[in-house]
Amino acid sequence: MNGGWREKSLGQDGPVVVVGGGPVGSLLALYLARQGHRVQLCESRPDLRRTDIDAGKSINLALATRGIVPLTELGLYDQVEPILVPMAGRMVHRDGSAALQPYGLNPDDVIHAVSRTDLNALLLDAAEATGLVELRFALRCRDVDLDHKVLTFTDYSADERLVEVPFGTVFGCDGASSEVRSAVHRVNGGTSVVQPLDHGYKELTIPPGERGSFRIEPNALHIWPRGDFMLIALPNPGGDFTATLFLPNEGPTDSFEALTTPGAVEKFFGREFPDFVELVPDLVTDFFDGPTGELATVRNTGWSAAADAVLVGDAAYGIVPFHGQGMNLGMESARLLDRILREHPDDVGRAFDRFERERRPDAEAIADMALDNYHEMRAGVVDPTYLIRRELALELERRFPERIAARYGMVMFTTMRYASVVQRARRQNEILATLTDGVSSIGEVDFERAAELVAELAPLPAQI
Ligand SMILES: Cc1cc2nc3c(=O)[nH]c(=O)nc-3n(C[C@H](O)[C@H](O)[C@H](O)COP(=O)(O)OP(=O)(O)OC[C@H]3O[C@@H](n4cnc5c(N)ncnc54)[C@H](O)[C@@H]3O)c2cc1C
């Protein structure tokens, strides 16, 4: 016995089951297969490789280093690369013109737009190709009996019959409203705190130009920042862009509550985003066709139940999308869990316990940074204080690359622990605030003082 659980290895007392075949579940199944385990992956939706899950819409997201590293480690990046569109910076739209703010100094400092469905399909194909992962679709988990080690699913491919699946260990990768999490918390007393954001989102499409051409710059993440709300657009390989409007849920104006008629939608977009209106001929139809999504941070403690169950991805910790990190966080977590499991092959319970201890501080850190980044994206990118500090930060990074790195870059282009990024960024911000106090342009900055302050920072980790 060890720490209240019986020592066991994976698969020792029953099948290894992954619940949820999203990006994190399918990646984790690949890692487990690489360790030599047979895995059943049970997903509630039909097989997205054979069904049009998104009803013809291409929903995309930003893939960054923390997601790329596991894909590379599993030998998949060469297959993923052709479906990516690189984005080298933010294209900020205001007053009818657009200006690029590059993400970093290094030409490799790019993030990549990728279709959720295409990436997920590629991971499912790869998992299936191992010969060790059995993919089971249309199975929605209803209950996890951790005493008797049985999962109950509704089988949508068989008249919604209830199906029981015995397990030795279950990996809960079933997203933000995880069923596995409810069961885990029932036995370990874990907590789940949902912090809803008072802003929601709506996805829209900028169609391609002639012969699949891009009608705005393809290699950028477009932002229309408007202070209290914003619109963004990410490119797709077919020339279209997936745009997302982030807006307060309630309020007499400039809110989803206020945009209930075609006239209100036309007026709002015409006033706030006239250049966008020109790009989307079916704007009003598109607006009312799609759902309005809710956003929340879901902070959970208690990620595992002995060696029987563990939560990974959004099931473990849900963050708002403003740093483009939710999936990247989950993929990096799958990689960490793989490493820890390999370090404790005979004591899965210990591995799960260690996984939460090491990872939760990082999940908490990126959850906070994601909330923070919403303000930066919708207002900061046009705020004069922000802009001068950003310019100085880039200059200091140029002069002292071994000691200064922008927070955005540390999150997006390194695998440095998120919690360390927060600490480092806080100290750097203090330095930037001191150096820009009373300064109206970067030419007025005292660079001798800057060198002294920067020298007080510890060098950046070698592998960042
Ligand atoms: C508007 C928006 C934009 C985003 N942009 C980005 C971005 O740019 N970059 C980024 O890294 N992240 C982004 N994210 C976050 C990202 O989508 C999630 O973090 C990521 O999808 C989490 O992956 P997951 O596999 O853990 O969960 P999910 O993607 O939610 O997958 C869970 C899977 O489990 C299945 N499932 C659910 N319940 C059950 C059940 N009971 N039984 C069986 N199966 C079940 C679901 O069908 C699904 O396939 C964004 C999120 C939103 C809302």
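Order of listing sets the numbers, starting from 1, for every ligand and every atom in it. What you see is a predicted model, and the numbers here were worked out from it, not measured in a lab.
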Quiz item: With a 4.0 Å cut-off on heavy atoms, does T244 reach ligand 1?
Solution: no

Quiz item: Under a heavy-atom criterion of less than 4.0 Å, does P23 contact ligand 1?
Solution: yes

Quiz prompt | Per-atom contacts of ligand 1 with R45, taking only distances under 4.0 Å to non-hydrogen atoms | solution = 47 (O), 49 (O)

Practice problem: State whether the shortest distance between N or O atoms of V19 and N or O atoms of ligand 1 falls below 3.5 angstrom. | Solution: no

Quiz item: What atoms of ligand 1 come closer than 4.0 angstrom to any heavy atom of V24?
Solution: 23 (O), 24 (P), 25 (O), 26 (O)

Self-check item: ligand 1 contact by C173, heavy-atom criterion under 4.0 angstrom
Solution: yes

Self-check item: Geometric class of the F268/F273 ring pair [parallel <30°, tilted 30-60°, perpendicular >60°]
Solution: perpendicular

Quiz item: Can a cation-pi geometry be assigned to R226 and F246, taking NZ or CZ under 6.0 Å from the six-membered ring centre and within 45° of the ring axis?
Solution: no

Quiz item: Taking the six-membered ring for Trp, are H199 and F229 ring centroids under 6.0 Å apart?
Solution: no

Quiz item: Is A62 close to ligand 1, meaning an N/O of one under 3.5 Å from an N/O of the other?
Solution: yes

Exercise. Using a strict 4.0 Å cut-off to heavy atoms of P321, name the atoms of ligand 1 that fall inside it.
Key: 2 (C), 3 (C), 4 (C), 50 (C), 51 (C), 52 (C)

Quiz prompt | N300 side chain to S192 side chain, donor-acceptor N/O pair below 3.5 angstrom | solution = yes

Quiz item: Just by distance, do the side chain of H185 and the backbone of T301 share a donor-acceptor pair under 3.5 Å?
Solution: yes

Quiz item: Does ligand 1 have a heavy atom under 4.0 Å from the side chain of C141, from its backbone, from both, or from neither?
Solution: both

Exercise. Answer yes if the side chains of R142 and T152 hold a donor-acceptor pair under 3.5 Å, and no otherwise.
Key: no

Practice problem: Mind telling me whether H222 and F241 have parallel, tilted or perpendicular rings, with 30° and 60° as the class edges? | Solution: perpendicular

Quiz prompt | Atoms in ligand 1 flagged as close to L139, the criterion being non-hydrogen separation under 4.0 Å | solution = 42 (N), 43 (C)

Quiz item: What orientation do W224 and H93 show, parallel under 30°, tilted 30 to 60°, or perpendicular over 60°?
Solution: parallel

Quiz item: Is there a donor-acceptor pair under 3.5 Å between the side chain of R354 and the backbone N or O of H344?
Solution: no

Quiz prompt | R359 side, atom CZ; Y317 side, atom OH - distance, nearest 0.5 Å | solution = 12.0 Å

Quiz item: Which atoms of ligand 1 sit under 4.0 Å from any heavy atom of Q325?
Solution: 9 (N), 10 (C), 11 (O)

Practice problem: Return yes or no for this condition: an N or O of D314 is under 3.5 Å from an N or O of ligand 1. | Solution: yes

Quiz prompt | Structural part of Y201 in contact with ligand 1, heavy atom criterion under 4.0 angstrom | solution = side chain

Exercise. Please determine if G324 has a nitrogen or oxygen closer than 3.5 Å to a nitrogen or oxygen of ligand 1.
Key: yes

Self-check item: Cation over ring face, R357 and F352, 6.0 Å, 45°
Solution: no

Self-check item: Test of proximity, E43 against ligand 1: N or O pairs below 3.5 Å
Solution: yes

Exercise. Check R116 against ligand 1 and report side chain, backbone, both or neither, counting heavy atoms closer than 4.0 Å.
Key: side chain

Practice problem: Report, in ascending order of atom number, the atoms of ligand 1 lying under 4.0 Å from any heavy atom of G326. | Solution: 10 (C), 11 (O), 12 (N), 15 (C), 19 (O)

Exercise. Number the atoms of ligand 1 from 1 as they appear, then name those within less than 4.0 Å of a heavy atom of G313, with their elements.
Key: 26 (O)

Self-check item: Proximity flag I319 to ligand 1, non-hydrogen atoms under 4.0 Å
Solution: no

